[in-house]
Undergrad: 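Below are the structure tokens for one structure; questions will follow.
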Amino acid sequence: MFTKPVLLVIAHGSRDPRHAATVHALVRRVRSLRPDVRVETGFLDFNIPSVQGVLESLAAEGVRDVVALPLLLTRAFHAKADIPAVLRDAPPQLRIRQAEVLGPSPLLMAALERRLYEAGLTPADKSSTGVVLASAGSTDPEAIAVIAEIAREWRHTGWCAVRPAFASASLPRTEDAVRELRELGCERVAVAPYVLAPGFLPDRIARGAADADVLADVLGEAPEVARVLLERYDAARVPVLAAVGA
């Protein structure tokens with residue numbers, strides 16, 4: 001019997017089947033960490049179930065409290081507009097609180113390093129390796145500023161240099177950042193995709209990493225990512241419970 005608010009993970013969705021498969025793998029990891037929490041998944045586009053469909057099913061079951069968690073790394077258009085619009089159309093008997101997006105978080109930086117080490121680097125390589133922090137990109141200045149700040153903070157952990165790059169909407173592109181790090185004199189260059197699941201834009205990042213020495217995998221179901229989801233859920237569910245006197 002679940003007594004806590006339902007955690008509804010809201011993913012963007014993609015025509016690429018790897019996207020949904022990765023989202024479901026991450027959700028399974030979250031469930032394994034917190035078996036006392038009911039976790040559901042809904043997609044904004046391309047995949048099923050839709051967010052609206054999940055919300056209607058929960059309401060029909062008698063669920064009342066939901067924490068809607070955007071599976072997003074930055075607070076851009078989807079978090080500010082798309083998701084709130086969908087939640088406003090939810091069945092009125094549901095009490096829903098939208099959790100914060102996943103990033104920035106020290107856990108996500110740890111996940112980025114995990115992926116780089118899995119790709120062949122070691123901690124001893126940090127001082128001689130330049131890293132491209134490659135994100136999907138956004139037209140939202142706030143989101144772009146967050147990526148730039150993450151790159152600056154990550155540089156201070158011992159890497160030779162860290163440069164942000166974007167697969168769409170913003171510059172520089174991954175290949176340009178790789179070239180810049182080469183010119184800077186880094187002994188090797190690694191590309192760390194700051195994306196959650198495979199798809200069109202991650203594939204563009206991979207193509208831009210053709211001249212890099214190391215290309216890490218997407219964050220995917222890394223345990224650190226699952227822990228961030230639960231941190232955001234716990235932070236959001238407390239006001240929900242307080243509001244209903246639980």
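Throughout, residue positions are numbered sequentially from 1 according to the sequence presented.
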Undergrad: If you measure from CG on Leu33 to CG on Leu229, what distance do you get to the nearest 0.5 Å?
TA: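 Between Leu33 CG and Leu229 CG, I get 10.0 Å after rounding to 0.5 Å.
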Undergrad: Are Phe166 and Leu171 close enough, and set up right, to give a side-chain contact (heavy atoms from CB on, under 4.5 Å), and what steps lead you there?
TA: CA-CA 6 Å; Phe166 307 95; Leu171 296 174; 5.9 Å; no
Undergrad: Please report the C-alpha distance between Val86 and Leu44 in whole Å, then the side-chain angles of each, then the deciding distance to 0.1 Å, and finally whether the side-chain contact (heavy atoms from CB on, under 4.5 Å) criterion is met.
TA: CA-CA 9 Å; Val86 172; Leu44 290 173; 4.1 Å; yes
Undergrad: Given side chains that start at C-beta, do those of Leu112 and Leu133 come closer than 4.5 Å, heavy atoms only?
TA: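 Yes, side chains in contact.
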Undergrad: What is the minimum heavy-atom distance between Leu108 and Gly103, and which atoms define it?
TA: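 Closest pair (atom of Leu108, atom of Gly103, distance): CD1-CA, 3.7 Å.
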Undergrad: Looking at Leu121 and Ala190, what are the two nearest heavy atoms and their distance?
TA: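 Leu121 and Ala190 have their closest heavy atoms at CD1-CB, 3.9 Å.
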Undergrad: Using 30° and 60° as the class limits, which term best fits the ring planes of Trp154 and Trp159: parallel, tilted or perpendicular?
TA: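 Judged by the thresholds at 30° and 60°, the geometry between Trp154 and Trp159 is perpendicular.
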Undergrad: side-chain contact (heavy atoms from CB on, under 4.5 Å) for Leu196 and Val218? Distances and angles first, verdict last.
TA: CA-CA 6 Å; Leu196 286 166; Val218 298; over 6 Å; no
Undergrad: Does atom CZ of Arg31 have more than 12 heavy-atom neighbours, drawn from other residues, nucleotides or ligands, at distances under 6.0 Å?
TA: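 Result for CZ/Arg31: enclosed.
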Undergrad: Of all residues at least two apart in sequence or in a different chain, which pass the salt bridge (charged side-chain N to carboxylate O under 4.0 Å, His left out) check with Lys126?
TA: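 Expected list: Glu113.
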Undergrad: Applying salt bridge (Lys or Arg N to Asp or Glu O under 4.0 Å), run through Glu142 and Lys80 and close with a yes or a no.
TA: CA-CA 11 Å; Glu142 178 187 349; Lys80 294 177 179 179; 2.7 Å; yes
Undergrad: I'd like to know if Val54 and Phe46 are part of one continuous hydrophobic network [Ile/Leu/Val/Met/Phe/Trp/Tyr, side-chain heavy atoms within less than 4.5 Å].
TA: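 No.
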Undergrad: Keeping Arg64 on the side-chain end and Arg95 on the backbone end, is there a donor-acceptor pair under 3.5 Å?
TA: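 Checked: no pair found.
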Undergrad: For the CG atom on Asp211, are there more than 12 heavy atoms of other groups (residues, nucleotides or ligands in this structure) within a distance under 6.0 Å?
TA: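 Not more than 12 within 6.0 Å, no.
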Undergrad: Are side-chain heavy atoms of Leu181 and Val132 found at a separation under 4.5 Å?
TA: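 Leu181 vs Val132: side chains touch.
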Undergrad: Mind listing the closest non-hydrogen atom pair of Ala222 and Arg114 along with its distance?
TA: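 That closest heavy-atom pairing would be CB-CD, 4.3 Å.
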Undergrad: With side chains defined as the heavy atoms from C-beta onward, is the minimum distance between Asp65 and Val63 less than 4.5 Å?
TA: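 They are not in contact (no side-chain heavy atoms under 4.5 Å apart), so the answer is no.
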Undergrad: Under the 3.5 angstrom rule, does the side chain of Arg29 hit a backbone N or O of Ala226 as a donor-acceptor pair?
TA: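 The answer is no, because no donor-acceptor pair under 3.5 Å joins these two groups.
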Undergrad: Distance-only, no hydrogens or angles: does the Tyr233 side chain make a donor-acceptor pair with backbone N or O of Pro5 under 3.5 Å?
TA: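 Yes.
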Undergrad: Sequence neighbours left out, what passes salt bridge (charged side-chain N to carboxylate O under 4.0 Å, His left out) with Arg152? Give chain and number order.
TA: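 For Arg152, the residues satisfying salt bridge (charged side-chain N to carboxylate O under 4.0 Å, His left out) (neighbours in sequence not counted) are Glu149.
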Undergrad: Please check: side-chain N/O of His19 versus main-chain N/O of Gly13, any donor-acceptor pairing under 3.5 Å?
TA: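 Such a contact is found between His19 side chain and Gly13 backbone.
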Undergrad: Quick check against the 3.5 Å criterion: does Ser57 have a side-chain atom that pairs as donor or acceptor with the backbone of Gly53?
TA: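 Pair found, side chain donor or acceptor close to backbone of Gly53.
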Undergrad: Ignoring hydrogens and angles, tell me if any N or O in the side chain of Asn47 forms a donor-acceptor pair with the backbone of Ser14 under 3.5 Å.
TA: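 Pair found, side chain donor or acceptor close to backbone of Ser14.
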Undergrad: Do Val195 and Leu72 belong to the same hydrophobic cluster, where Ile, Leu, Val, Met, Phe, Trp and Tyr are linked whenever their side-chain heavy atoms lie under 4.5 Å apart, directly or via other members?
TA: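 In one cluster: no.
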Undergrad: Hey, quick one: are Tyr194 and Val178 part of the same hydrophobic cluster, counting side-chain heavy atoms closer than 4.5 Å, chains of contacts allowed?
TA: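 Each belongs to a different hydrophobic cluster.
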Undergrad: Would you say the side-chain atoms of Arg18 pair up with the backbone N or O of Ala197, donor to acceptor, closer than 3.5 Å?
TA: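 No; judged by distance alone, with no hydrogens or angles, the pair does not exist.
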Undergrad: Evaluate Leu55 against Leu87 for side-chain contact (heavy atoms from CB on, under 4.5 Å), listing each step before the verdict.
TA: CA-CA 9 Å; Leu55 292 171; Leu87 298 181; 4.0 Å; yes
Undergrad: Compare every heavy atom of Pro91 with every heavy atom of Gln52, then report the nearest pair and how far apart it is.
TA: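 Minimum heavy-atom separation between Gln52 and Pro91: NE2-CD, 4.3 Å.
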Undergrad: How about Arg237 and Lys4: do any of their side-chain heavy atoms sit closer than 4.5 Å?
TA: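 Heavy-atom side-chain distance check passes, below 4.5 Å.
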Undergrad: Within the 4.5 Å heavy-atom criterion, are Cys160 and Cys186 side-chain neighbours or not?
TA: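 They are in side-chain contact.
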Undergrad: Under a 4.5 Å cut-off applied to non-hydrogen side-chain atoms, are Val162 and Ile150 in contact?
TA: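 Heavy-atom side-chain distance check fails, nothing below 4.5 Å.
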Undergrad: Does Ser170 use its side chain to pair, donor to acceptor, with the backbone of Gly137 at less than 3.5 Å?
TA: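 Checked: no pair found.
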Undergrad: Would you please name every residue forming a side-chain contact (heavy atoms from CB on, under 4.5 Å) with Ile48, sequence neighbours left out?
TA: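 Ile48 satisfies side-chain contact (heavy atoms from CB on, under 4.5 Å) with no other residue.
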Undergrad: Can you tell me how far the CG atom of Leu58 sits from the CZ atom of Arg38, to the nearest 0.5 Å?
TA: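 Separation between the atoms: 5.0 Å.
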Undergrad: Is there a side-chain contact between Val191 and Ile205 in this structure, where contact means two heavy atoms from C-beta onward sitting under 4.5 Å apart?
TA: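 In contact.
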Undergrad: Taking side chain as C-beta onward, heavy atoms only, is Val225 less than 4.5 Å from Leu26?
TA: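 Touching, per the 4.5 Å side-chain cut-off.
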Undergrad: Grab the two heavy atoms, one from Val51 and one from Gly42, that are nearest each other, plus how far apart they are.
TA: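 Minimum heavy-atom separation between Val51 and Gly42: CG2-C, 3.7 Å.
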Undergrad: Give, for atom OG1 of Thr41 and atom CG of Leu71, the distance between the pair rounded to the nearest 0.5 Å.
TA: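 Going from OG1 on Thr41 over to CG on Leu71, the span is 8.5 Å.
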Undergrad: Are His12 and Phe200 an aromatic pair, judged by ring center distance below 6.0 Å?
TA: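 Ring centroids of Phe200 and His12 are no less than 6.0 Å from each other.
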Undergrad: When you look at Arg163 and Glu180, which way does the salt bridge (Lys or Arg N to Asp or Glu O under 4.0 Å) test go after all the steps?
TA: CA-CA 9 Å; Arg163 294 290 186 271; Glu180 180 185 350; 2.7 Å; yes
Undergrad: Would one find more than 12 heavy atoms of other residues, nucleotides or ligands at under 6.0 Å from atom CZ of Arg227?
TA: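 It does not: Arg227 CZ has 12 such atoms or fewer within range.
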Undergrad: Quick one: pull up OG in Ser135 and CD1 in Ile144 and give me the separation to the nearest 0.5 Å.
TA: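 Separation between the atoms: 6.0 Å.
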Undergrad: Quick one: do Arg155 and Glu153 satisfy salt bridge (Lys or Arg N to Asp or Glu O under 4.0 Å)? Show the steps, please.
TA: CA-CA 5 Å; Arg155 163 67 181 84; Glu153 290 184 8; over 6 Å; no
Undergrad: Short question: side chain of Arg188, backbone of Asp213 - any donor-acceptor pair under 3.5 Å?
TA: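 Flag not set: sc Arg188 to bb Asp213 has no pair under 3.5 Å.
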Undergrad: Between Ser50 and Phe43 (side chain of the first, backbone of the second, donor and acceptor by atom type, cut-off under 3.5 Å), is there such a pair?
TA: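 Flag not set: sc Ser50 to bb Phe43 has no pair under 3.5 Å.
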Undergrad: In Å and rounded to the nearest 0.5 Å, what is the CD to CG distance from Glu118 to Leu116?
TA: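 Reported to 0.5 Å precision, the distance equals 9.5 Å.
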Undergrad: Please check if Ile96 and Val101 belong to a single hydrophobic cluster, counting links between Ile, Leu, Val, Met, Phe, Trp and Tyr side chain heavy atoms closer than 4.5 Å.
TA: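 Linked within one cluster.
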Undergrad: Might you work through the salt bridge (Lys or Arg N to Asp or Glu O under 4.0 Å) test for Asp176 and Arg179, ending with a clear yes or no?
TA: CA-CA 5 Å; Asp176 299 325; Arg179 188 180 310 112; 3.0 Å; yes
Undergrad: Taking atom CG of Leu107 and atom CD of Glu231, what is their separation to the nearest 0.5 Å?
TA: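 Reported to 0.5 Å precision, the distance equals 5.0 Å.
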Undergrad: On a heavy-atom basis, which atom in Pro172 and which in Pro164 lie closest, and how many Å separate them?
TA: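 For Pro172 versus Pro164, the nearest heavy atoms are CG-O, 3.4 Å.
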